[in-house]
Amino acid sequence: MKPLGLGILGSGKGTNCRAILEQIRAGTLNAEARVVVSDVVDAPILDIAREFSVPNSYLPPGHFRTRLEPEMEAKLVQLLRDASVELVVLAGFMRVLRKPILQAFPRKILNIHPSLLPKFPGLEAWKQALAAGEAVTGCTVHYVDEKIDHGDIIARREVLILPNDTAETLHARIQIAERELYPEVIADFCHD
Ligand code: GAR
């Protein structure tokens, strides 16, 4: 079977991206990372792409804080198309996407979020779960729509909140769960 062409978008550390690239390298995920794109010029996710010899690009986001300038979003669509991307994987990409890209890749854009959505969308979701006194939180992979951390849910993984958890310890356990869940979900798209 032909490997599925991925385009990975991220703004930060890139630990989810690394987990995906490691599985591709190990032959346990039948995909090919065709491009990694970041809206942050010095984001570690771009270094990870270079480490794995994946084509990568910095996309200047423009002057909006939470979304891309329309011209830049059009450029992103072109970049993904030029790279023959079939599935767009948001891995810590901290901007909402708008209609042009959503329509270019209908139900082909996924996001991972560190909470059991629909609970706690937005920033630092693990802190929100701790502050709310939850016993369980986790992570969610979902289709992307125009709202923040919103769209049909594909899979969730629970993480127990322990009595002595700090924001850091909880976040670390959620990220372990993310690194398991995301490649599993992407693998299902490879089979489809
Ligand atoms: C991940 O925990 C992901 O769930 C979160 O950003 C982190 C990126 O980490 N995304 C969101 O909060 C989306 N609202 P990474 O760069 O190490 O993969």
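All figures in this text were calculated on a predicted structure; none of them were measured in a lab. Note that ligands are numbered from 1 as they come in the structure, with each ligand's atoms numbered from 1 the same way.
With respect to the salt-bridge test (charged N to carboxylate O, under 4.0 angstrom), the residues Lys119 and Glu134 qualify.
A continuous path of hydrophobic side-chain contacts links Met72 to Leu80 [ILVMFWY only; heavy atoms under 4.5 Å]. Hydrophobic clustering places Val144 together with Leu76 (ILVMFWY residues linked when any side-chain heavy atoms are closer than 4.5 Å, directly or through intermediates).
Judged by distance alone, with hydrogens and angles left aside, the side-chain atoms of Ser38 form a donor-acceptor pair with the main-chain N or O of Val40 at under 3.5 Å. No donor-acceptor distance shorter than 3.5 angstrom exists from the side chain of Arg95 to the backbone of Leu68, with no hydrogens or angles considered. Between the Glu73 side chain and the Leu97 main chain, no donor and acceptor come within less than 3.5 Å of each other.
Counting heavy atoms only, Gly14 comes closest to atom 16 (O) of ligand 1 of the residues Gly12, Gly92, Gly14, Gly122.
For the pair Ile112 and ligand 1, a heavy-atom separation below 4.0 Å is found. Ligand 1 has at least one atom lying under 4.0 Å from a heavy atom of Met94. For Pro114, the heavy-atom gap to ligand 1 drops under 4.0 angstrom.
In terms of protein heavy atoms, atom 7 (C) of ligand 1 is closest to Gln175 NE2, 3.9 Å. In terms of protein heavy-atom proximity, atom 2 (O) of ligand 1 is closest to Glu178 OE1, 2.8 Å.
Looking at ligand 1, you'll find an N or O of Thr15 within less than 3.5 Å of one of its N or O atoms.
Of all the heavy atoms of Asp149, the ones lying under 4.0 Å from any atom of ligand 1 belong exclusively to the side chain.
The atoms of ligand 1 that sit less than 4.0 Å from any heavy atom of Lys13 are 16 (O), 17 (O).
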Exercise. Take Glu86 and Lys108, measure what salt bridge (charged side-chain N to carboxylate O under 4.0 Å, His left out) needs, and give me the verdict at the end.
Key: CA-CA 7 Å; Glu86 296 163 292; Lys108 295 288 181 207; over 6 Å; no

